[in-house]
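Only one structure is covered here, and it is reproduced in the block below.
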Protein chains: 2
Amino acid sequence: MKKPTLKDVAREVGVHVSSVSRALDPNARTPPADEMILRIKEAADRLGYRPNRLAAGLRTKRTMTVGVIIPDITNTLFPPILRGIESVLEPLGYAAIIVNTDGLPEREDRLLDVLQERGVDGIIHVAVLRHDPKVAQMAREGLPLVTLNRRLENSDIPCVTNDDDAGIEMALRHLMDLGHVHIGHVAGPTVFSTGKQRLAAFETASRKLGIQIVPAAVVPASRYDETEGARCTDLVMRANPRITGILCANDRLALGALEALSQKGLSCPRDVSVTGFNDIPFLDRIPPGLTTVRTEKFEAGQTAARLLLEIINGDGNPVPPETVLPVKLIIRGSTGPIGAMGA
Amino acid sequence: MKKPTLKDVAREVGVHVSSVSRALDPNARTPPADEMILRIKEAADRLGYRPNRLAAGLRTKRTMTVGVIIPDITNTLFPPILRGIESVLEPLGYAAIIVNTDGLPEREDRLLDVLQERGVDGIIHVAVLRHDPKVAQMAREGLPLVTLNRRLENSDIPCVTNDDDAGIEMALRHLMDLGHVHIGHVAGPTVFSTGKQRLAAFETASRKLGIQIVPAAVVPASRYDETEGARCTDLVMRANPRITGILCANDRLALGALEALSQKGLSCPRDVSVTGFNDIPFLDRIPPGLTTVRTEKFEAGQTAARLLLEIINGDGNPVPPETVLPVKLIIRGSTGPIGAMGA
DNA sequence: ATGAAAGCGCTAACAA
DNA sequence: TTGTTAGCGCTTTCAT
């Protein structure tokens, strides 16, 4: 009735538990005789034996479980990342505990405890702030840790990021090629490395491309959501009504920008072109189709998971501190030539 | 450097580990003296003690972890459900291990093992098939289990479902009210209880409302996805070209129907009206806006989690075998009056 | 090649 | 009120 343990299998075969343990462990240092292994495995199968990973973990300090911290699973940016992570973890016998911070640092702190109490072998952090003492501390104490999308500043926690610089430059160049001269930027929250980095990239790229930026037409959002995108877009347009192109730090801000523009009676792309970042799902089906910078979400998850496993199981060789994934400009209907004849 | 244990706290305070254990356990049967508790808690705090739930779980057979099985996290139907589950679990100290089956029974079997090896206290199954011997077996062995959205047939596993019957009837009546007479149904896979149930509801409701159904205009999909929705829609229209209304068993099928129609040069809703089921996110932003039956996803998650906890921690009172959540018709642009003057 | 024994960190009788 | 003890199921060193 109740779950059989090693002891039950041992009794069944008439050997000691340690023999059973060894027979079932493919990398046992002193495996039993082949014939014995067969008998033991047969009995284990027959009894429906399943190892108790809690007990094993208590002994070995390895739970084959990793924690994944994201801001919010209902944000469609994250599920593909999670599938990427799972795709490398699961075949190796690892399971993931996924937690949502909702962007609240105090919640994040508690969740870090939750994960650590469960003895996770490592954490993939997809929601880290630029400064996060607790995460820094845990990494220092030896907890294997990898950040994804964002990075923790002044730390040597390996991170997997997207090529923000290239992406922003592509988007800006695209707007320029369409003839746009007056361009604004709805920047991401500066507490995230992505917000800061993309803002810096915007400034660098506009200098490089010779585009004049009105400082007031660069507005940082306080969250990565549509409401903030709309609010900031209003400010951008107010700062410089001649603007015909708005580059947003991510897709949700851009979706908000679209709303704000139509609210003002402006048409996209006829009056104002808009670009996003990430290429979250469904964008192609939402008119007018957001032009955006596609990041490799599944790959990013895979890469982060591989890095984490390397840290956990590797032979101590240092892993690359930063892996930058390539991005790609996806052109859709939200960007168009300046002064295009509209319907 | 390394994580302090009960023993460390005990040594610090100069008491026995069991006293520390009791001091930290709010429902200890024999708690230490108040003053002692204070001293112990202070020391525990000071040392940064965190309980090791693995060890506790090994002892108590309770891990404060539950498993959640879903088909695919990238399907936007599921994240809100997960947040609902989390919203009741997390405050109580439970964590969730989420796994994706991709609709593959063999994968599901393996994942059930994964969860059980980790000693989950219970499982919320959001991807169960109508027949699933392994799940039935585990429930019989006493593993607390609740199914969500779908139900396992011939079993007494408690389930949280939506009012499929009412939803389908609402949708059908809505089409009828708009003047539609020739109506088809893209049914869900019959391996899922939702597919079967909604199909039955469609038949019942059409009889009740006096709508004549051409049997060939009822086509079951083999998966809940857009491709199948499109394929089945083709078959439906071929079965009866006079059809002006298609009721789909879920939103993704309906999205596929929309594609198939436009492929055929038919306009929605001018030529054919379409309805879905679930009201997944973003539907309002995708033209023409799918009319659909909204299910309470977050609530469903909450309800399932509460039921599971009741089974795990309750005083053995039986929990309701079935909780049916109300649904609501959301009317958008994909349904319109028959023969409407189009642009 | 196999068995014995210790112990991971914790809880819960039972004893004092 | 507090300490002692045993043991959850497993791994692993050491002995045979």
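In what follows, chains carry the letters A, B, and so on, assigned in the order in which the sequence lines appear, proteins first and then strands, with residues in each chain numbered from 1.
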Can you list, in residue-number order, the parts of residues 113-123 of chain B that come under 4.0 Å of DNA chain C, counting heavy atoms only?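 Correct list: empty, so none.
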Worksheet item: What pairs meet the side chain to side chain donor-acceptor pair (under 3.5 Å) rule with one or both residues in residues 51-68 of chain A, with sequence neighbours excluded?
Response: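 Non-adjacent pairs meeting side chain to side chain donor-acceptor pair (under 3.5 Å): A:R53-B:E117, A:R62-A:N313, A:T63-A:D121, A:T65-B:R118.
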| Do any pairs count as a side chain to side chain donor-acceptor pair (under 3.5 Å) and have a residue in residues 28-44 of chain A, sequence neighbours left out, and if so which ones? |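 Passing the test, one end in residues 28-44 of chain A: A:E42-A:R46.
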- Grab the CG-P distance between B:D8 and C:dG9 for me, whole Å please.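 The distance from CG of B:D8 to P of C:dG9 comes to 8 Å, rounded to the nearest Å.
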Check your understanding: When the distance from CG of B:N52 to P of C:dG7 is rounded to whole Å, what number comes out?
Key ->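 In whole Å, C:dG7 P and B:N52 CG are 18 Å from each other.
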Exercise. Using distance alone, with no hydrogens and no angle criterion, decide if A:Y49 and A:T5 have a side-chain donor and acceptor under 3.5 Å apart.
Key: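 Not at all, the side chains of A:Y49 and A:T5 share no donor-acceptor pair under 3.5 Å.
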Quiz item: Do A:Q302 and A:S87 have side-chain atoms, one donor and one acceptor, less than 3.5 Å apart?
Solution: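 Yes, a side-chain donor-acceptor pair sits under 3.5 Å.
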Practice item. For A:D34 and for B:P4, locate the closest nucleotide of DNA chain C by heavy-atom distance; then report the residue assigned to the nucleotide nearer the 5' terminus. Key: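 With A:D34 and B:P4 compared, the 5'-side residue is A:D34.
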Task: Closest non-hydrogen atom pair between B:A44 and B:L24, with its separation - done: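 What the structure gives for the nearest pair is CB-CD2, 4.5 Å.
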So which heavy atom on A:D132 is nearest to which on A:L152, and how close?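 Between these two residues, the closest heavy atoms are N-CD1, 3.4 Å.
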Sequence neighbours excluded, which residues qualify as salt bridge (Lys or Arg N to Asp or Glu O under 4.0 Å) partners of [X]?
{"X": "A:R306", "answer": "none"}
{"X": "A:R22", "answer": "none"}
{"X": "A:D72", "answer": "B:R83"}
{"X": "A:E90", "answer": "B:R107, B:R110"}

For A:K134, is the NZ atom crowded, meaning more than 12 foreign heavy atoms sit under 6.0 Å from it?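 Correct, the count exceeds 12.
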Open item on the list: If the condition is side-chain contact (heavy atoms from CB on, under 4.5 Å), which residues does B:D315 pass it with, not counting sequence neighbours?
Closed with: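 In terms of side-chain contact (heavy atoms from CB on, under 4.5 Å), with neighbours along the sequence ignored, B:D315 is linked to B:E310, B:N317.
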Checklist entry - If an axis is fit to five pairs at each end of the helix from C:dA1-D:dT16 to C:dA16-D:dT1, what is the angle between the two, to the nearest 10°? => result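 It comes to 40° between the two terminal axes.
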Protein-proximity profile, nucleotides 11-16 of chain C, B/S/- by nucleotide at the 4.0 Å heavy-atom cutoff, equals BBB---
For chain B, the stretch of DNA chain D it reaches, first to last nucleotide, under 4.0 Å of its heavy atoms |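 The contacted stretch runs from D:dT1 to D:dG9.
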Requested in this report: By nearest nucleotide on DNA chain D, pick out whichever of B:G14 and A:R50 is the more 5' one.
Outcome: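 Upstream on the strand: B:G14.
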### Residues that A:E299 engages under side chain to side chain donor-acceptor pair (under 3.5 Å), provided they are two or more places apart
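So A:E299 forms no side chain to side chain donor-acceptor pair (under 3.5 Å) with any residue.
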